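Naming: A, B, ... by sequence-line order, numbering from 1 per chain. These figures come from a predicted structure and were not determined experimentally.
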There are 2 protein chains.
Amino acid sequence: MKQDKISEAVVRRLPTYLQVLYEFERREVVTVSSQELGNELGLNPAQIRKDLAYFGDFGRKGVGYDVLNLIGHIRQILKLNQKINVALVGTGNLGHALCNYNKYSKDNMKIVAVFDENVEKIGKKINHLTVQPMSELKQTVIEQQIRIGIITVPDFAAQAVANQIVEAGVEGILNFAPAVLRVPEHVRVHYADFTKELLSLAFYLESERRNTDGSALD
Amino acid sequence: MKQDKISEAVVRRLPTYLQVLYEFERREVVTVSSQELGNELGLNPAQIRKDLAYFGDFGRKGVGYDVLNLIGHIRQILKLNQKINVALVGTGNLGHALCNYNKYSKDNMKIVAVFDENVEKIGKKINHLTVQPMSELKQTVIEQQIRIGIITVPDFAAQAVANQIVEAGVEGILNFAPAVLRVPEHVRVHYADFTKELLSLAFYLESERRNTDGSALD
DNA sequence: TAGATTGTTAATCGATTAACAATC
DNA sequence: TAGATTGTTAATCGATTAACAATC
């Protein structure tokens, strides 16, 4: 195949492919079939083959995919071979958690600057990073070639922070605040809104707590 | 409409509807049309009407939806009118962040117990909750009627923790670890995996950083 | 009544899956 | 060669959108 416009659904599956491929790598598996990948992820093998074929012919007929090779390709597709600098705004518990996550990442994404509106937080250290005031955002983004901004402020502050991040010239935003952001077209926003996942999970709970009168279905 | 089986896509949109409805409520708006909701959320009005119609006839022709009334209905659908107790496993920064989030929630979901495998963490206080050992999980789940478990442990530990949560009798899991969990059919797993969102965001960045030789497109 | 907006059916669009020739 | 598995086309399935009668 190669080219066509790639759908979002496809792109969103790539990181999970990468994730299980890392696992296969760790187990020193050399070759993997779409069947095996599908098993691991609960996906249809045809879908995996089709997804990968959008980007190139990575497999070998009758054999499967070379694990290391495929990892390389997906990393390339996701641009994880180049360093991607990230700024984080909002140094609450969630912000702290994400800064720490930094350390475990084998990807080239790295939080290189941290900001907060709260004067009391400014100057504090989080790991080796010093919390900066928002007024320094734009200059830091330029100097450090920051391309992605993470928003971990309360929801009422999210839009204002997004505006400043956009104005600073960032290309993508990962928003943890439960709020829909309005940004110009050239900036991409992804949402990491666990409240949505948590509330929708409740829908699938059994309607009534099982009670003790014995009348309930199983 | 009313009934049919409801697709996941529909259910996942309900919390966002709720979110903007809360916003309208705050602004003391009485009535809202699918048009206005769509504007706010970047969704097609027909989709919103259709989504809501799965659950009942909540609107009034020529008028729209009563904000308070619709909030009530969606809360009911998502089971947010009953208290839903939640247990959290893994008291790292992320776990802490989620425990705090607790306070802001106007929903009836509440983290009522916190667990960690690490002996050093046990007995520590997080807000008013005391970190318990995993060995107490099952009994606590039963005693406190806990229905949802949140996993915020490192990815390598996620499956083992999931097994224990399932064994304890929980109905749903929200997993923050970047790992695919295997659980029995009657347990529902939602993923709150921001790494997926972060890595897929990179795909949409411009291929090359703009350079300084002036040859790049704008 | 005239204008607005729902609920729903039909049309469209897109994504997933099945099937299979190509080939390692 | 025989068995396995890809890449891709065609078939299916499902979700989104348009359109409109019903009606507030």
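- Atom P of nucleotide dG7(C) and atom CG of Asn44(B) are separated by 15 Å, given to the nearest angstrom.
- When the nucleotides dT16(D), dG7(D), dT16(C) are ranked by their closest atom to the side chain of Tyr65(A), dG7(D) comes out on top.
- Computed from coordinates, the Leu52(A) CG to dT16(C) P distance equals 14 Å when rounded to whole Å.
- Here the P atom of nucleotide dG7(C) and the CZ atom of Phe55(B) are 13 Å apart, to the nearest Å.
- Pair assignment for dT23(D) gives dA4(C), based on Watson-Crick or G-U wobble hydrogen-bonding distances that are each under 3.5 Å.
- Two residues are said to be in side-chain contact when any heavy atoms from C-beta on lie closer than 4.5 Å; Lys79(A) and Met109(A) fail this criterion.
- No hydrogens or angles considered: a donor-acceptor pair under 3.5 Å links the side chains of Asn163(B) and Gln159(B).
- Side-chain proximity of Asp57(A) to the nucleotides dT16(C), dT8(D), dT6(D) is greatest for dT8(D).
- What separates OH of Tyr54(A) from P of dG7(D) is a distance of 14 Å, to the nearest Å.
- Here the side chain of Ser33(A) is nearest to one of dT5(C), dT16(C), dT5(D), namely dT5(D).
- Pair assignment for dG14(D) gives dC13(C), based on Watson-Crick or G-U wobble hydrogen-bonding distances that are each under 3.5 Å.
- Listed nucleotides: dT16(D), dT17(C), dT5(D). Nearest to the side chain of Lys50(B): dT16(D).
- Contact annotation: Ser34(B) side-chain N/O to dT6(C) OP1/OP2 distance is under 4.0 Å.
- If you take CZ of Arg49(B) and P of dC20(D), they are 13 Å apart, rounded to a whole angstrom.
- Nearer the 5' end of DNA chain C, as judged by each residue's closest nucleotide, is the contact made by Asp51(B), out of Ala46(A) and Asp51(B).
- Atom NZ in Lys5(B) sits roughly 12 Å away from atom C1' in dC13(D) (whole-Å rounding).
- Side-chain polar atoms of Arg147(A) and Gln82(A) form a donor-acceptor pair below 3.5 angstrom.
- Within the structure, every side-chain polar atom (N or O) of Arg13(B) is placed at least 4.0 Å from both OP1 and OP2 of dA15(D).
- If you check dC24(C), dT16(D), dG7(C) against the side chain of Lys61(B), the one that comes closest is dG7(C).
- dT16(D) atom P lies 13 Å from atom CD of Glu8(A), rounded to whole Å.
- In terms of heavy-atom proximity, Val153(A) sits nearest to Gly90(A) at CG1-CA, 3.7 Å.
- Across all their heavy atoms, Arg75(B) and Asn81(B) have their closest contact at NE-OD1, 3.7 Å.
- Leu41(B) has its CG atom 14 Å from the P atom of dT16(D), to the nearest Å.
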